[in-house]
Participant: 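Encoded as structure tokens, here's the structure I'll be asking about.
Residue numbers start at 1 and run along the sequence shown. The model shown is predicted, which means the values in this text are computed figures rather than measured ones.
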Amino acid sequence: MTPTIAVLLIITFLLSTVGLLLLIWSIANNQFSHGQAAARTIFSPGEEGHSEDPARPAETAFTGDNLDQTEALEARWIADQSSRAAVLTWLSSSVFWLLLGSVFGLMSSIKMHLPEFLAASEFLTFGRVRPVHLNAVTYGWASMAGIGVALFLIPRLFKTSLAGGKYAVCGALIWNIGLILGLGAITLGLSDGEEWLEFPWQIDVLFVVGGALCAVPLLLTAANRQVEHLYVSSWYLMAALVWFPILFFIANLPFTFPGASGAAVNWWFAHNVLGLWVTPIGIGIAYYMIPKILGKPIISYQLSLIGFWALALFYSQVGIHHIIGGPIPTWLVTLSIVHSVMMSIPVITVAINHHGTMMGNFGRLKDSPTLRFVWIGALMYTVASLQGSMEALRSINVITHFTHYTVAHAHLGMYAFLSFILFGAFYFIMPRLTNWEWPWRGLISLHFWLVSVGILIYVVSLTLSGWKQGLALLTADLPFMDIVRMTLPALKARTLCGLLMTLGHLVFAFHFVAMLMRRGKAKEQATLFRPSTKEVAR
């Protein structure tokens with residue numbers, strides 16, 4: 001056993017131990033004993049049965065039937081406004097990085113089937129453009145948007161105003177500086193050379209500081225919380241904000257994991273970014289948004305807690321299955337495969353809750369932008385996660401590894417799952433922070449269809465092509481260039497899909513800026529996918 005693998009196992013053991021200790025704490029503090037009543041803690045008194053997002057044309061917003069209910073709703077509005085500066089800073093930054101990452105992603109896609117595209121510039125070679133895309137959308141769009149949404153939800157979940165919001169604003173500024181320097185370094189060819197860990201370690205310090213400053217208001221708000229029970233979304237969001245700094249700090253330690261064995265740490269980090277950072281954020285948001293919009297609690301609160309702790313206990317070793325056949329012990333790979341298969345437990349529990357809660361309410365998808373984006377994102381989490389468990393099996397991995405199939409799977413999780421949920425969260429949050437409704441229904445619909453059609457064709461074309469590519473690579477007498485030519489139609493379809501998604505992001509960004517500037521007419525009801533009864537009457 002190499003020192004690197006020994007350190008990796010120790011770190012994983014410590015992370016699992018922390019999760020186990022938190023589980024013991026939650027049991028000791030009766031977090032499991034509240035039963036289904038705990039699922040109702042996200043609703044204000046009397047609010048259950050009323051949709052906060054008026055997705056039914058004739059439905060009016062709930063304003064309270066008595067003084068206590070009215071005061072509770074007013075307190076929630078105050079809590080929303082307390083996070084305004086911090087949330088808007090993080091969300092606005094994320095939209096910028098989404099656009100930049102989309103442009104670089106489109107460029108890298110074109111280069112896959114047109115390698116001479118922009119080949120004259122050393123700064124725009126594929127080896128630099130693609131890492132810029134990956135890091136811009138991961139640390140810029142997904143991370144900053146996720147933190148922004150968490151800053152909005154934490155005061156609601158704890159039913160108290162956000163404390164220390166100025167620290168989060170400062171953290172966002174430092175995080176942005178880190179992104180500017182890090183992406184600039186990659187463009188200049190200054191990279192650590194490991195996927196997801198390209199930023200030079202000197203720049204990584206800025207992300208550690210920025211993230212730490214963002215954690216201050218979350219801890220202060222948690223200390224001042226007005227609720228005894230922590231709703232399951234709180235667990236997911238707080239866990240993500242604890243796990244990610246640990247993962248990021250350890251994986252970026254300089255001169256610690258050299259040589260081929262460093263690949264184990266590289267994929268341990270890369271996959272845990274998806275499972276212990278991206279996944280908790282997306283699931284936590286969905287666990288809040290779906291019941292709030294439907295006006296009814298999730299169907300099984302106990303199941304939601306089991307799903308969270310199963311994620312905490314099983315995910316930390318999943319990433320090693322990406323280097324099956326690599327220079328690492330076979331037993332370590334087998335351990336990772338077992339963990340990957342065991343991940344079906346939290347996935348199924350989350351699926352039962354998200355989709356079971358939706359039963360009988362799918363008609364609401366016709367109206368609510370937030371519900372449509374969030375539920376589709378939750379559905380894609382189920383698909384991507386079960387697919388990931390299957391990919392970890394050696395019999396499947398031998399076909400899909402080193403193919404476009406894996407690229408499709410990554411986008412199914414990072415985009416169709418997380419980004420869709422984040423889009424839905426934006427449509428929910430912005431009207432509450434700006435006291436203004438989204439100006440144009442048509443732009444929301446256009447955004448939805450551009451990104452939906454784009455990611456659908458993207459995933460289907462690369463999945464089918466990648467599977468055929470994997471089978472062809474196992475055929476010894478088939479020339480490699482013939483296999484390359486076979487993938488060209490899918491790569492061209494990928495570029496077309498990337499263009500559709502980029503156009504969708506431009507529409508979304510334009511609408512977001514218009515929202516900040518309070519363009520359009522003042523509205524009494526939410527901007528839905530179709531006109532409300534009141535609007536039609538006009």
Participant: Report yes or no: do S191 and R128 form a side-chain donor-acceptor pair below 3.5 Å?
Facilitator: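 No, R128 and S191 have no side-chain donor paired with an acceptor closer than 3.5 Å.
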Participant: Using only atom types and a distance under 3.5 Å, with no angle test, would you say the side chain of T138 pairs donor to acceptor with the backbone of N135?
Facilitator: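 Checked: no pair found.
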Participant: Check step by step if ring-ring contact (aromatic ring centres under 6.0 Å, His included) holds for W267 and W196.
Facilitator: CA-CA 9 Å; W267 276 110; W196 299 82; 7.7 Å; no
Participant: If I compare all heavy atoms of P291 with all of I42, which pair ends up nearest, and what's the gap?
Facilitator: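 Between these two residues, the closest heavy atoms are CG-CD1, 3.7 Å.
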Participant: Any donor-acceptor pair under 3.5 Å linking the side chain of T406 with the backbone of T400?
Facilitator: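 Answer holds: yes.
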Participant: State whether a side-chain donor-acceptor pair under 3.5 Å links Y315 with N272.
Facilitator: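 No, N272 and Y315 have no side-chain donor paired with an acceptor closer than 3.5 Å.
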Participant: Just verifying a value: how many Å separate K468 NZ and T403 OG1, rounded to the nearest 0.5 Å?
Facilitator: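 Between K468 NZ and T403 OG1, I get 13.0 Å after rounding to 0.5 Å.
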Participant: Within the 3.5 Å criterion, strictly below it, is a donor on W277 or S143 matched to an acceptor on the partner's side chain?
Facilitator: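 Their side chains do contain a donor-acceptor pair, which is all the 3.5 Å distance test asks for.
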Participant: Please tell me if the side chains of F96 and N176 come closer than 4.5 Å, counting only heavy atoms from C-beta onward.
Facilitator: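 In short, these two side chains do not touch, never coming nearer than 4.5 Å.
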Participant: State, to 0.1 Å, how close A472 and L478 come at their nearest heavy-atom pair, and which atoms those are.
Facilitator: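 In terms of heavy atoms, the two residues are closest at CB-CD2, 3.6 Å.
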Participant: Are I324 and I337 side-chain neighbours, meaning at least one heavy-atom pair lies under 4.5 Å?
Facilitator: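 Of all side-chain heavy-atom pairs linking I337 with I324, at least one is under 4.5 Å.
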Participant: Relative to each other, are the rings of H447 and Y427 parallel, tilted or perpendicular (30° and 60° limits)?
Facilitator: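 Aromatic pair H447/Y427 classed tilted.
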Participant: Do V451 and F420 have side chains that get closer than 4.5 Å, going by heavy atoms?
Facilitator: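 The answer is yes; the side chains approach within 4.5 Å.
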Participant: Look at the side chain of S336 and the backbone N and O of H321, then say whether any donor-acceptor pair between them is shorter than 3.5 Å.
Facilitator: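 Here the side-chain-to-backbone pair exists.
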Participant: With a 4.5 Å heavy-atom cut-off, do L98 and S102 have their side chains touching?
Facilitator: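 Side-chain contact under 4.5 Å: yes.
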Participant: Please answer whether the main-chain N or O of E116 pairs with a side-chain N or O of K111 as donor and acceptor at a distance below 3.5 Å.
Facilitator: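 No; zero donor-acceptor contacts below 3.5 Å.
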Participant: Tell me, with the steps shown, if M342 and L313 meet side chain to side chain contact (heavy atoms under 4.5 Å, CB included).
Facilitator: CA-CA 10 Å; M342 292 299 289; L313 295 174; over 6 Å; no
Participant: For T487 and S465, does a side-chain donor sit closer than 3.5 Å to a side-chain acceptor?
Facilitator: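 No donor-acceptor contact under 3.5 Å links the two side chains.
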Participant: Verify whether the ring centers belonging to H505 and Y415 lie closer than 6.0 Å.
Facilitator: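 For H505 and Y415, the ring centres are under 6.0 Å apart.
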Participant: Can you tell if the side chain of I186 reaches within under 4.5 Å of the side chain of E198, non-hydrogen atoms only?
Facilitator: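 Counting from C-beta outward, I186 and E198 do come under 4.5 Å.
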Participant: What orientation do F199 and Y139 show, parallel under 30°, tilted 30 to 60°, or perpendicular over 60°?
Facilitator: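 Rings of F199 and Y139: tilted, 30 to 60°.
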Participant: Can you say whether the rings of W243 and F308 are parallel (under 30°), tilted (30 to 60°) or perpendicular (over 60°)?
Facilitator: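 Ring orientation of W243 relative to F308: parallel.
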Participant: In Å, rounded to the nearest 0.5 Å, how long is the span from CD1 of I203 to CG of D192?
Facilitator: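 Taking CD1 in I203 and CG in D192, the distance rounds to 9.0 Å.
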Participant: Quick check: closest heavy atoms across M359 and K296, and the distance to 0.1 Å?
Facilitator: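 Heavy atoms of M359 and K296 come nearest at O-NZ, 3.6 Å.
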Participant: Check whether any side-chain N or O of S419 sits under 3.5 Å from a backbone N or O of A416 as a donor-acceptor pair, and report yes or no.
Facilitator: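 Answer holds: no.
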Participant: Evaluate the criterion side chain to side chain contact (heavy atoms under 4.5 Å, CB included) for residue pair I348 and I352; output intermediate values, then yes/no.
Facilitator: CA-CA 6 Å; I348 291 172; I352 291 173; 3.9 Å; yes
Participant: Could you tell me whether a side-chain N or O of T370 sits under 3.5 Å from a main-chain N or O of S368, the two making a donor and an acceptor?
Facilitator: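 Side chain of T370 to backbone of S368: no pair is present.
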Participant: Measure across H354 and I283 and return the closest heavy-atom pair with its distance rounded to 0.1 Å.
Facilitator: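 Shortest heavy-atom contact: NE2-O, 4.1 Å.
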Participant: Applying ring pair (Phe, Tyr, Trp, His ring centres under 6.0 Å), can you list everything that pairs with W141, at least two apart in sequence or on another chain?
Facilitator: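 Here the qualifying residues are F423, F426.
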Participant: A cation-pi test, strictly: NZ or CZ of R372 under 6.0 Å from the centre of the six-membered ring of F448 and no more than 45 degrees from its axis. Yes or no?
Facilitator: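 So R372 does make the cation-pi contact.
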Participant: Enter the distance from H271:NE2 to T279:OG1 here, rounded to the nearest 0.5 Å.
Facilitator: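 Taking NE2 in H271 and OG1 in T279, the distance rounds to 9.0 Å.
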Participant: Would you check if the side chain of T475 reaches a backbone N or O of L471 as a donor-acceptor pair within less than 3.5 Å?
Facilitator: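 Answer holds: yes.
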Participant: Output yes when a side-chain donor or acceptor of Y301 lies under 3.5 Å from a complementary backbone atom of V232, and no otherwise.
Facilitator: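 Yes, Y301 side chain to V232 backbone: donor-acceptor pair under 3.5 Å.
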Participant: Identify the two heavy atoms, one from L294 and one from R364, that lie closest to each other, and give their separation to 0.1 Å.
Facilitator: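 Result for this residue pair: O-NH1, 3.9 Å.
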Participant: Would you check if the side chain of T463 reaches a backbone N or O of V460 as a donor-acceptor pair within less than 3.5 Å?
Facilitator: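 No, because the side chain of T463 does not come within donor-acceptor range (under 3.5 Å) of the backbone of V460.
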Participant: Taking the side chain as everything from C-beta on, heavy atoms only, tell me whether I110 gets closer than 4.5 Å to F126.
Facilitator: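 No. Closest side-chain heavy atoms not under 4.5 Å.
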Participant: Check the pair L473, F480 against side chain to side chain contact (heavy atoms under 4.5 Å, CB included), reporting the backbone distance first and the verdict last.
Facilitator: CA-CA 8 Å; L473 288 171; F480 181 74; 3.9 Å; yes
Participant: What pairs with W175 under ring pair (Phe, Tyr, Trp, His ring centres under 6.0 Å), at least two apart in sequence or on another chain?
Facilitator: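 Partners of W175 under the ring pair (Phe, Tyr, Trp, His ring centres under 6.0 Å) test: W90, F207.
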Participant: Run the side chain to side chain contact (heavy atoms under 4.5 Å, CB included) test on M390 and V341 for me, step by step, so that the C-alpha distance in whole Å, both residues' side-chain angles and the decisive distance to 0.1 Å come before the verdict.
Facilitator: CA-CA 7 Å; M390 294 299 296; V341 174; over 6 Å; no
Participant: So, taking the atom named OH in Y458 and the one named CE in M501, what distance separates them when rounded to the nearest 0.5 Å?
Facilitator: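 Between atom OH of Y458 and atom CE of M501 there are 6.0 Å.
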Participant: To check you understand the geometry: which heavy-atom pair defines the closest contact between N353 and S304, and what is its length?
Facilitator: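 For N353 and S304, the tightest heavy-atom pair comes out as ND2-N, 3.3 Å.
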Participant: Are any non-hydrogen side-chain atoms of W449 and L500 less than 4.5 angstrom apart?
Facilitator: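 Not in contact.
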Participant: Would you call the rings of F362 and W375 parallel, tilted or perpendicular if under 30° counts as parallel and over 60° as perpendicular?
Facilitator: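 Rings of F362 and W375: perpendicular, over 60°.
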Participant: For a quick check under 3.5 Å, do N266 and E195 share a side-chain donor-acceptor pair by atom type?
Facilitator: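 N266 vs E195: no donor-acceptor pair found between side chains.
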Participant: Would you say the side-chain atoms of S108 pair up with the backbone N or O of V129, donor to acceptor, closer than 3.5 Å?
Facilitator: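 No, the answer is negative, given that no donor and acceptor are paired below the 3.5 Å cut-off.
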Participant: Identify all side-chain donor-acceptor contacts of residues 377-388 below 3.5 Å with residues at least two apart in sequence or on another chain.
Facilitator:
{"from": "T382", "atom 1": "OG1", "to": "H355", "atom 2": "NE2", "distance (Å)": "3.1"}
{"from": "T382", "atom 1": "OG1", "to": "A378", "atom 2": "O", "distance (Å)": "3.4"}
{"from": "S385", "atom 1": "OG", "to": "Y381", "atom 2": "O", "distance (Å)": "2.8"}
{"from": "Q387", "atom 1": "OE1", "to": "H409", "atom 2": "ND1", "distance (Å)": "2.7"}
{"from": "Q387", "atom 1": "NE2", "to": "Y405", "atom 2": "OH", "distance (Å)": "3.1"}

Participant: Quick one: NE2 on H339 to OG1 on T334, what's the gap to the nearest 0.5 Å?
Facilitator: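 One finds 11.5 Å between NE2 of H339 and OG1 of T334.
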Participant: Does M144 reach the side chain of V95, with side-chain heavy atoms less than 4.5 Å apart?
Facilitator: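 Contact flag for M144/V95 side chains = no.
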Participant: Which distance, rounded to the nearest 0.5 Å, do you find between the CZ of R494 and the CG of L106?
Facilitator: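 Between R494 CZ and L106 CG, I get 10.5 Å after rounding to 0.5 Å.
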